[in-house]
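The chains referred to below are lettered A, B, ... by the order of the sequence lines, with proteins before strands, and numbering in each begins at 1. The basis for the numbers below is simple: all heavy atoms, side chains too, and nothing from hydrogens, waters or symmetry mates.
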Amino acid sequence: MATPADLTVLEGPADRVAPLLLGAVLRHDGVAVRLTEVEAYGGADDAGSHAFRGRTPRSSVMFGPPGRLYVYFTYGMHHCANVVTGPEGSASAVLLRAGDVVEGLDLARSRRPGASDRDLARGPARLCRALALTREHDGVVLGEGTVELVPGPRPRVWETGPRVGLREAPDRPWRFWLPGEPSVSAYRPAARRPRRAGGRASEE
DNA sequence: ATGCTGATGGCCT
DNA sequence: GGCCATCAGCATG
């Protein structure tokens, strides 16, 4: 059994920690993923953060100490995982957007039927699926249970841009990724929902 | 390659 | 009741 990974890197604010997680390996239940794309959330004035309007049942883990997983459920079918960073109480976290499967390839394939290897963990919900992370893992302490995070060498280069799928704070370049990685998802501005045509003319 | 859209349910006002 | 830190499928160029 290996010594626990040093996670002191997580103690800083999310936008400073996020790029340092590029290249880190997250392992759970037979599959490990090397992170290639992440996003920072939280802090005092991030309108795009789940914590922006204060502590709620869903976001409460974000307000706790760094080194835990914050996993939420969205769109009625998808899970997304974050690593909570510091300082404690700042409600900061790094969303794990994409990675490469580096262990347990066959298991990951079986969890994502029909997906190409490149797509196995390309996108936050796909990454959770490949790693079998669900709301059951919300709040777990990294390294103490079945979820392990092993930081890699400090990345030397990365790129930044606006976060994906957010209407708020499109100007804040808090998405970080490794250049040239096939598993990095394409940028898409937040979809504005089509309102149902003009009013209530539609029937049921 | 890009673009739209439905699925589907928890979360929050 | 409206809004999603999304994805797959299908359409089109």
Open item on the list: Filter on side chain to side chain donor-acceptor pair (under 3.5 Å), then keep only pairs touching residues 72-90 of chain A, sequence neighbours left out; what's left?
Closed with: A:Ser90-A:Ser92

Nearest-Å distance, [atom1] ([X]) to [atom2] ([N])?
X: A:Leu120; N: C:dA8; atom1: CG; atom2: P; answer: 11 Å
X: A:Asn82; N: C:dT6; atom1: CG; atom2: C1'; answer: 14 Å
X: A:Leu96; N: C:dA5; atom1: CG; atom2: P; answer: 16 Å
X: A:Tyr72; N: C:dC3; atom1: OH; atom2: P; answer: 18 Å
X: A:Arg58; N: B:dG9; atom1: CZ; atom2: P; answer: 17 Å
X: A:Met77; N: C:dG9; atom1: CE; atom2: P; answer: 12 Å
X: A:Arg135; N: B:dG9; atom1: CZ; atom2: P; answer: 16 Å
X: A:Phe52; N: B:dC11; atom1: CZ; atom2: P; answer: 21 Å

TODO: Step through the shown structure and confirm whether more than 12 heavy atoms of other residues, nucleotides or ligands are within 6.0 Å of CZ on A:Arg55.
DONE: yes

Which one, [options], comes nearest to the side chain of [X]?
X: A:Leu166; options: B:dC12, C:dA5, C:dT6; value: C:dA5
X: A:His78; options: C:dA8, C:dC7, C:dA5; value: C:dC7
X: A:Arg126; options: B:dC12, C:dC7, C:dA5; value: C:dC7
X: A:Phe73; options: C:dA5, B:dG10, B:dT8; value: B:dG10

Can you tell me if the side-chain N/O atoms of [X] get under 4.0 Å from OP1 or OP2 in [N]?
X: A:Arg122; N: C:dA8; answer: no
X: A:Arg167; N: C:dC4; answer: yes
X: A:Arg129; N: C:dT6; answer: no
X: A:Thr56; N: B:dC11; answer: no
X: A:Arg112; N: C:dC7; answer: no

Open item on the list: Taking the side chain as everything from C-beta on, heavy atoms only, tell me whether A:Arg109 gets closer than 4.5 Å to A:Val31.
Closed with: no

Task: Pairing of A:Asp45 and A:Arg172 as salt bridge, 4.0 angstrom limit - done: yes

Open item on the list: What's A:Gly48 touching, base or sugar-phosphate or nothing? Going by heavy atoms closer than 4.0 Å.
Closed with: base

Task: side-chain contact (heavy atoms from CB on, under 4.5 Å) partner of A:Leu10, the single match among A:Val94, A:Val84, A:Leu142 - done: A:Leu142

TODO: Ignoring hydrogens and angles, answer whether the base of B:dA7 and the side-chain atoms of A:Tyr75 contain a donor-acceptor pair closer than 3.5 Å.
DONE: no

- [ ] Go ahead and name the base partner of C:dG1; Watson-Crick or wobble counts if both distances stay under 3.5 Å, otherwise write none.
- [x] B:dC12

